[in-house]
J.: 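Just passing along the structure, written as structure tokens.
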2 protein chains.
Amino acid sequence: MKENKSIGEILRENREKKGLLLRHVSAKLDIDTAILSKIERSERKASKEQILKLAEILDLDKDNLLIQYLSEKILYEIKDEALGSKALKVAEQKMKYINKNKSGD
Amino acid sequence: MKENKSIGEILRENREKKGLLLRHVSAKLDIDTAILSKIERSERKASKEQILKLAEILDLDKDNLLIQYLSEKILYEIKDEALGSKALKVAEQKMKYINKNKSGD
DNA sequence: TTACACTTGACAATTAATGTCAAATATATT
DNA sequence: AATATATTTGACATTAATTGTCAAGTGTAA
């Protein structure tokens, strides 16, 4: 029941599945291979633009990849916080509230 | 059923309730009044340290204030994202997974 | 019109994010 | 073993975001 892959793992798996080298993909992203290597090993974070480009290059679903990316960003914010779980729940509450009241304002 | 106050609103309300001036509180925080003014009007974000100090100064529950603070930080990350809600849900899933598997590792 | 609290915006300093490059490590292949 | 290729590592440069100061402005009340 292995279900939790990091963005980095997803990117590496799919790059290798397509037989692409860091060199090939990083060229399309217009960055050094070093950075892509770090992104795949979760040593650096990608930018949103890079994620979208990577989805194209690797034929991955953009929305899915973006959701994974954003959720990692969220977790990064609270990773060292004892109250992280509670903060997440409150954020969801607020989100509901915002969405409910988002009309002409 | 007004339930959603920003951290800034909470801070201002409680500062005024105690009859304190920006000058008084900002001195304790060791910052310019301008910044505190901006924090209270949500024009700037406070730091975690400032939030904890403010909880002390204003006699507010630290955990509560911190949760509010963190949840705002989370929302800030996804405020312009169409997929924000979904990302939040996925973050919660991942959080559960992490907490479940956090033993000696 | 003076006094006081707060706000605004231009700017400076500091810190974090994002990138390059060259050298170090694998891992094959000859 | 030696060469070739792919990836990793870390020192460093550049850029962007955060966090702050300061001085002038606005609002309100004595």
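Computed from a predicted structure; not experimentally measured. The chains referred to below are lettered A, B, ... by the order of the sequence lines, with proteins before strands, and numbering in each begins at 1. Heavy-atom basis, side chains included; hydrogens, waters and symmetry copies ignored.
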J.: For nucleotides 21-29 of chain D, which of its nitrogen or oxygen atoms have a protein nitrogen or oxygen under 3.5 Å away, and what is each distance?
T.:
{"residue": "D/dT21", "atom": "OP2", "partner": "B/D32", "partner atom": "N", "Å": "2.6"}

J.: How far apart are the C-alpha atoms of A/E9 and A/R41, what are their side-chain angles, what is the distance that settles it, and do they pass the salt bridge (Lys or Arg N to Asp or Glu O under 4.0 Å) test?
T.: CA-CA 7 Å; A/E9 287 169 328; A/R41 286 170 299 106; over 6 Å; no
J.: Are side-chain heavy atoms of B/L11 and B/L65 found at a separation under 4.5 Å?
T.: yes
J.: Is it the case that A/Q50 and A/K45 place a side-chain donor and acceptor less than 3.5 Å from each other?
T.: no
J.: For A/K45 and D/dA17, give me the distance from atom NZ to atom P, rounded to whole Å.
T.: 13 Å
J.: Specify the residues of residues 21-29 of chain A, ordered by number, for which at least one heavy atom lies under 4.0 angstrom from an atom of DNA chain D.
T.: A/L21, A/L22, A/R23
J.: Under 4.0 Å from any atom of DNA chain D, heavy atoms only: list the residues of residues 12-19 of chain A that qualify, in numerical order.
T.: A/R12, A/R15
J.: Here's one to test your reading of the geometry: is the NZ or CZ of A/K79 within 45 degrees of the ring axis of A/Y76 and under 6.0 Å from its centre?
T.: yes
J.: Return all side-chain donor-acceptor pairs below 3.5 angstrom for residues 28-36 of chain A, not counting sequence neighbours, or 'none' if the list is empty.
T.:
{"residue": "A/D32", "atom": "OD1", "partner": "A/A34", "partner atom": "N", "Å": "2.8"}

J.: Heavy atoms of chain A, cut-off under 4.0 Å: which first and last nucleotide of DNA chain C, 5' to 3', fall inside that, if you could look?
T.: C/dT18 to C/dC21
J.: Please give, in whole Å, the distance from D/dT9 P to A/I39 CD1?
T.: 15 Å
J.: Quick one, which residues of residues 48-56 of chain B touch DNA chain D with a heavy atom under 4.0 Å?
T.: B/Q50
